[in-house]
Student: 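My questions will all concern the structure given below.
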Amino acid sequence: MIKSWGFDFFPSPAGVIDDIQSENAGEAKKADPEETMRYFNFFLDLWTNAEAWGYDGVFLSEHHFGGGYSPSPNLLLPLIAARTKTLRLGVMGNVVPYHSPWRLVEEFGMLDNLTQGRLEIGTSAGIPAEFARIGMETAEARERFNEALQIIDAGLKKGVVSHEGKYWNFTDLLLVPPMVQDPHPPLWTTVISVESARKSARRGSKISTGFISTEDAKGVFDAYNEEAEQAGNPVGPEQLGLRRQVLMDLPEELTSQYAEGFRNMLETFDKRTIASGRKALDTPQKGTHGYKLGEDEFISGSPEQVAEQIIDQCKTCGAGHFLVTFAGHQTLEQLAASWEMYGREVVPRLREA
């Protein structure tokens with residue numbers, strides 16, 4: 001069985017960012033509040049309907065400075081939880097270097113209670129291009145991420161935390177409320193490298209990867225399983241998630257145009273990508289976190305064809321979870337249709353795989 005998760009970047013509305021930019025630097029026009037509210041409500045309805053359409057859960061993401069409409073995605077989870085009963089909910093992932101880790105633990109405690117024990121805890125090291133906007137070097141972000149995970153893990157396990165490090169120092173912090181799930185909600189980490197996979201395996205965190213080829217994903221997952229087994233932690237498909245962009249039932253010309261445009265955008269925006277004529281920008285461990293966008297990142301076709309490709313990729317790399325991001329739609333109505341078509345026609349096939 002392959003579990004199905006809707007993974008939504010919750011992008012900024014088309015054209016809105018340009019519309020609210022002022023001609024004067026440092027100023028912005030006010031967006032239409034009614035349009036903004038309608039946009040939020042559309043997505044809340046969409047994520048809520050995912051339960052009836054058969055999804056196992058929904059993951060949101062954290063992005064800043066115009067790239068997405070969810071700079072604080074944890075705020076959305078209780079709203080979805082109030083409308084659903086079984087849907088698992090999480091953020092893939094909370095960009096840890098932006099946050100105080102002890103406060104994240106407290107927030108996770110609140111969310112696990114407000115979602116009635118349906119929280120999934122996802123963490124991410126973040127995107128260098130976003131860090132650059134606030135003057136944070138990639139090396140510092142990685143240091144903050146690594147140190148913060150020590151605090152988060154201790155807080156989830158113990159509830160009372162002491163820590164002495166480069167960025168945080170404190171003694172006997174009581175972090176409440178306690179989690180509903182025992183001992184704590186499942187942990188997830190987004191990774192693109194073998195090094196990060198091994199670290200997550202030692203922590204006992206599940207992992208999700210995307211962008212890289214299925215062959216490279218298999219290498220990442222094999223390293224995870226090897227390290228997890230040595231550490232005495234769970235191994236196998238239940239620990240591993242593959243994320244891909246799916247273009248449901250769209251003309252081949254449109255899917256090709258989207259794939260080319262996305263590749264160009266990613267290679268321009270994310271300097272970790274290995275592109276023609278340049279080396280990937282990286283963390284202090286040179287070469288360990290760079291990646292190349294795989295040709296199989298984009299899955300398209302009829303529901304039957306989409307299901308076949310997903311099953312093939314998941315079986316090849318060993319993933320037991322598939323995180324679908326819908327792409328290529330021109331309208332919100334088309335997006336909603338993709339979510340429903342996938343849930344009703346693809347998810348059952350993945351359950352039987």
Side-chain angles (χ1 to χ4, degrees), residues 1-11 43 46-47 49-51 53-63 68 70 73 76-77 80 87-95 118-125 127 185-192 196-197 200 205-214 216-218 220-221 224 236-248 262 266 291 293-294 296-300 303 306-307 309-329 335 338-343 346-351 353:
M1 182 180 76
I2 299 171
K3 293 184 178 179
S4 297
W5 301 76
F7 183 25
D8 208 321
F9 284 103
F10 193 19
F43 277 92
L46 186 66
W47 301 325
N49 288 334
E51 181 169 275
W53 293 334
Y55 291 77
D56 292 281
V58 169
F59 280 117
L60 305 181
S61 63
E62 177 182 347
H63 287 287
S70 57
L76 296 168
L77 301 185
I80 307 170
L87 203 66
R88 303 291 299 182
L89 300 167
V91 174
M92 188 74 85
N94 290 270
V95 184
R118 289 184 276 146
L119 180 67
E120 305 272 327
I121 295 176
T123 55
S124 170
I127 300 174
L187 304 179
W188 288 86
T189 310
T190 57
V191 305
I192 54 174
S196 294
S200 297
S205 169
K206 300 181 181 185
I207 60 172
S208 171
T209 193
F211 294 147
I212 61 177
S213 69
T214 304
D216 288 344
K218 183 180 186 304
V220 169
F221 290 163
Y224 175 95
E238 178 58 26
Q239 304 302 112
L240 309 170
L242 180 67
R243 186 206 49 74
R244 291 291 189 229
Q245 297 181 67
V246 172
L247 298 93
M248 291 293 298
F262 184 87
L266 191 68
Y291 68 95
L293 184 65
D296 42 7
E297 165 66 16
F298 308 99
I299 294 176
S300 63
V306 165
Q309 293 172 70
I310 293 171
I311 292 169
D312 180 66
Q313 289 195 31
C314 286
K315 286 188 174 180
T316 296
C317 68
H321 302 265
F322 186 79
L323 287 66
V324 55
T325 298
F326 293 103
H329 60 276
L335 174 62
S338 291
W339 273 79
E340 183 172 4
M341 183 186 302
Y342 183 94
V346 177
V347 168
R349 291 179 168 87
L350 301 188
R351 288 190 185 282

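Numbers here are sequence positions counted from 1. Because the structure is a prediction, the values reported are computed rather than measured.
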Student: Where do Cys314 and Phe322 come nearest, in terms of heavy atoms and distance?
Tutor: SG-CD1, 3.9 Å
Student: Taking Thr214's backbone N and O only, do any of them form a donor-acceptor pair with Gln313's side chain (distance below 3.5 Å, no angle check)?
Tutor: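 No: the side chain of Gln313 does not pair with the backbone of Thr214.
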Student: Where do Ile121 and Leu119 come nearest, in terms of heavy atoms and distance?
Tutor: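 In terms of heavy atoms, the two residues are closest at CG1-CD2, 3.8 Å.
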Student: Looking at Arg244 and Asp296, what are the two nearest heavy atoms and their distance?
Tutor: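 What the structure gives for the nearest pair is NE-O, 3.2 Å.
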Student: Parallel under 30°, tilted from 30 to 60°, perpendicular over 60°: which one fits the rings of His321 and Trp5?
Tutor: tilted
Student: Looking only at non-hydrogen atoms, find the nearest pair between Asp8 and Leu46 and report the distance.
Tutor: OD2-CD2, 4.3 Å
Student: Does the ring of Phe211 carry Arg243 above it, NZ/CZ under 6.0 angstrom from centre and within 45° of its axis?
Tutor: yes
Student: Just to verify, what does Gln309 make a side-chain contact (heavy atoms from CB on, under 4.5 Å) with, not counting sequence neighbours?
Tutor: Ile299, Gln305
Student: Could you check whether any side-chain N or O of Ser196 sits under 3.5 Å from a backbone N or O of Thr190, counting only pairs where one atom can act as donor and the other as acceptor?
Tutor: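 Side chain of Ser196 to backbone of Thr190, a donor-acceptor pair under 3.5 Å: no, none is there.
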Student: Before you tell me yes or no, could you show the steps for Arg88 and Asp56 under side chain to side chain contact (heavy atoms under 4.5 Å, CB included), namely the whole-Å CA-CA distance, both residues' side-chain angles and the distance that decides it to 0.1 Å?
Tutor: CA-CA 6 Å; Arg88 303 291 299 182; Asp56 292 281; 5.6 Å; no
Student: Could you check if a side-chain atom of Ser124 sits within less than 4.5 angstrom of a side-chain atom of Glu62, using non-hydrogen atoms only?
Tutor: no
Student: Identify the two heavy atoms, one from Val346 and one from Pro303, that lie closest to each other, and give their separation to 0.1 Å.
Tutor: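 Minimum heavy-atom separation between Val346 and Pro303: CG2-O, 3.6 Å.
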Student: What distance do Ile192 atom CD1 and Leu293 atom CG have between them, rounded to the nearest 0.5 Å?
Tutor: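 Nearest 0.5 Å value for the CD1-CG distance: 11.0 Å.
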Student: Measure the shortest side-chain to side-chain distance between Met248 and His329 over non-hydrogen atoms and say whether it is less than 4.5 angstrom.
Tutor: no
Student: Applying side chain to side chain contact (heavy atoms under 4.5 Å, CB included), run through Leu323 and Leu242 and close with a yes or a no.
Tutor: CA-CA 6 Å; Leu323 287 66; Leu242 180 67; over 6 Å; no
Student: Over 60° means perpendicular and under 30° means parallel, so tell me whether Tyr55 and Phe326 are parallel, tilted or perpendicular.
Tutor: perpendicular
Student: Look up atom NZ in Lys206 and atom OG1 in Thr189, then write down how far apart they are to the nearest 0.5 Å.
Tutor: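 Reported value, rounded in 0.5 Å steps: 11.5 Å.
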Student: Work out which heavy atom in Gly343 is nearest to a heavy atom in Val347; give both atom names and the distance.
Tutor: O-CB, 3.3 Å
Student: Determine, step by step, whether Ile207 and Val220 satisfy the side chain to side chain contact (heavy atoms under 4.5 Å, CB included) criterion, reporting the C-alpha distance in whole Å, the side-chain angles of both residues, the deciding distance to 0.1 Å, and the verdict.
Tutor: CA-CA 10 Å; Ile207 60 172; Val220 169; 4.1 Å; yes
Student: Working to the nearest 0.5 angstrom, can you tell me the gap between Arg349 CZ and Ile2 CD1?
Tutor: 13.0 Å
Student: Mind checking whether Trp339 and Asn49 have side chains closer than 4.5 Å, heavy atoms only?
Tutor: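 No, too far: nothing below the 4.5 Å cut-off.
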Student: About how many Å separate CD1 of Ile127 and NE2 of His63, when rounded to the nearest 0.5 Å?
Tutor: 4.5 Å
Student: Determine whether a donor-acceptor pair (N or O, by modelled atom type, separation under 3.5 Å) exists between the side chain of Thr325 and the backbone of Phe7.
Tutor: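 Yes, Thr325 side chain to Phe7 backbone: donor-acceptor pair under 3.5 Å.
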Student: Hey, which of Phe10, Trp47, Trp188 is the one that makes ring pair (Phe, Tyr, Trp, His ring centres under 6.0 Å) with Phe59?
Tutor: Trp188
Student: To the nearest 0.5 angstrom, please state how far the OG atom of Ser200 sits from the CG atom of Leu187.
Tutor: 9.5 Å
Student: Can you list everything that forms a side-chain hydrogen bond (donor to acceptor under 3.5 Å, both in side chains) with Gln239? Sequence neighbours excluded, please.
Tutor: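 Once residues adjacent in sequence are excluded, the partners of Gln239 under the side-chain hydrogen bond (donor to acceptor under 3.5 Å, both in side chains) criterion are Tyr224.
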